[in-house]
Amino acid sequence: MLLPRLMGHRGFAARAPENTLSALRAAAEAGIRWVEIDVQLLADGTPVIWHDAHMARCSNSRAFLSQVGLAEARRFDVGSWFSPEFAGERIATLEEALATVNELGLGLNLEIKVSTARDPLRLTEAVVPLLNGALPSDRLLLSSFSQEALYRAHRLDPSLNLGILYDEKVPRVWQWDVERVGAVSIHANWENLNPNIVKEMRQKGLEVVCYTVNDPEAFSPWWECGVNSVISDDPTLFSQLSDAAEYPQGEDNEHQPSDPIAD
Ligand code: G3P
Ligand code: MG
């Protein structure tokens with residue numbers, strides 16, 4: 001098994017400004033072993049750690065990433081919106097984030113974030129070469145909603161661990177998607193998941209990751225259904241799972257969620 005039970009969403013979104021180096025450090029300090037962060041390109045082609053197409057929500061700027069280069073993007077404060085404690089935080093490049101993740105001994109789920117009207121291939125081609133040798137392969141997973149990005153990543157480096165993200169209900173063709181890119185994991189919105197599909201995925205040897213889970217109690221039946229891993233804004237909410245090795249693996253468990261989320 002590659003993935004841990006818990007991953008910090010956008011670093012550790014509940015505790016520090018999302019997708020920043022401070023969020024990575026906060027995650028490590030809290031004992032979180034893996035983090036999920038998003039990567040996209042600035043106008044000058046620099047891959048940076050950021051979720052939205054624009055900077056309005058998480059900085060003191062209203063710029064679009066597609067319109068600013070690194071020098072300009074660095075002028076903006078990306079920490080104060082969250083708390084004065086983080087004033088002066090700057091947007092992180094992918095290279096800085098990789099170095100920090102490595103330094104902290106974290107595992108990384110790097111999401112290739114293709115915003116509307118942006119080019120998945122250009123982004124993937126900028127990201128993949130930077131991953132080479134940046135982290136041990138068992139501490140790195142590349143994921144995306146974009147099948148084009150995943151396919152390109154697979155062609156550029158077939159040794160990469162790839163995860164397929166689905167937002168709406170998992171499509172019937174999910175097995176084709178998996179084969180096309182040699183995916184090791186499926187990442188599903190847990191509100192749109194079906195227990196039978198989880199079982200099929202596990203039977204195919206895939207790891208099943210659910211996002212974004214902030215209610216451990218409501219989620220608990222899904223562990224027994226076979227879900228491997230959860231992405232949470234606050235993984236410490238799941239403190240009873242801190243010893244992941246002792247948590248049931250799911251395969252042999254007959255329990256199924258009785259929730260209406262099942263088809
Ligand atoms: O990787 C899971 C999750 O991060 C996907 O949604 O919008 O938070 O990037 P989003
Ligand atoms: Mg993400």
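All ligand and atom numbering here is 1-based and tracks the order in the structure. None of these values were measured; they are calculated from a predicted model. Along the sequence shown, residues carry numbers from 1.
- Looking at ligand 1, you'll find an N or O of Glu111 within less than 3.5 Å of one of its N or O atoms.
- Without hydrogens or angle criteria, His9 side chain to Ser232 main chain gives no donor-acceptor distance under 3.5 Å.
- Residue-to-ligand polar distances place Asp38 within reach of ligand 1: an N/O pair is separated by less than 3.5 Å.
- Each of Asp167, Val213, Thr212 was scored for a side-chain contact (heavy atoms from CB on, under 4.5 Å) with Asn189, with one residue passing: Asp167.
- Between the side chain of Asn228 and the main chain of Val208, a donor-acceptor pair closer than 3.5 Å is present.
- For Asp38, the N/O/S atom at the shortest distance from the Mg ion (ligand 2) is named OD1.
- At a 3.5 angstrom cut-off on N or O pairs, His9 counts as close to ligand 1.
- Atom numbering of ligand 1 starts at 1 in the shown order; those under 4.0 Å from a heavy atom of Lys113 are 7 (O), 9 (O), 10 (P).
- Close approach of ligand 1 to Glu36 (heavy-atom distance below 4.0 Å) involves ligand atoms 1 (O), 2 (C), 3 (C), 4 (O).
- Between the side chain of Glu224 and the backbone N or O of Pro221, no donor-acceptor pair lies under 3.5 Å.
- In the vicinity of Arg10, heavy-atom distances shorter than 4.0 Å reach the ligand 1 atoms 7 (O), 8 (O), 10 (P).
- Per-residue contacts place His51 under 4.0 angstrom from the following atoms of ligand 1 (heavy atoms of the residue considered): 7 (O), 8 (O), 9 (O), 10 (P).
- The Mg ion (ligand 2) is the vertex of the angle joining OE2 of Glu36 and OE1 of Glu111, which measures 90° to the nearest 10°.
- Remark: side-chain polar atoms of Asn60 are not paired, donor with acceptor, to backbone N or O of Val78 under 3.5 angstrom.
- Nearest heavy-atom pair across Pro216 and Leu237 is CG-O, 3.5 Å.
- To the nearest 0.5 angstrom, Ser143 atom OG is 6.5 Å from Ile231 atom CD1.
- Atoms of ligand 1 found under 4.0 Å from any heavy atom of Ile231 (numbered from 1 in listed order, with element): 1 (O), 2 (C).
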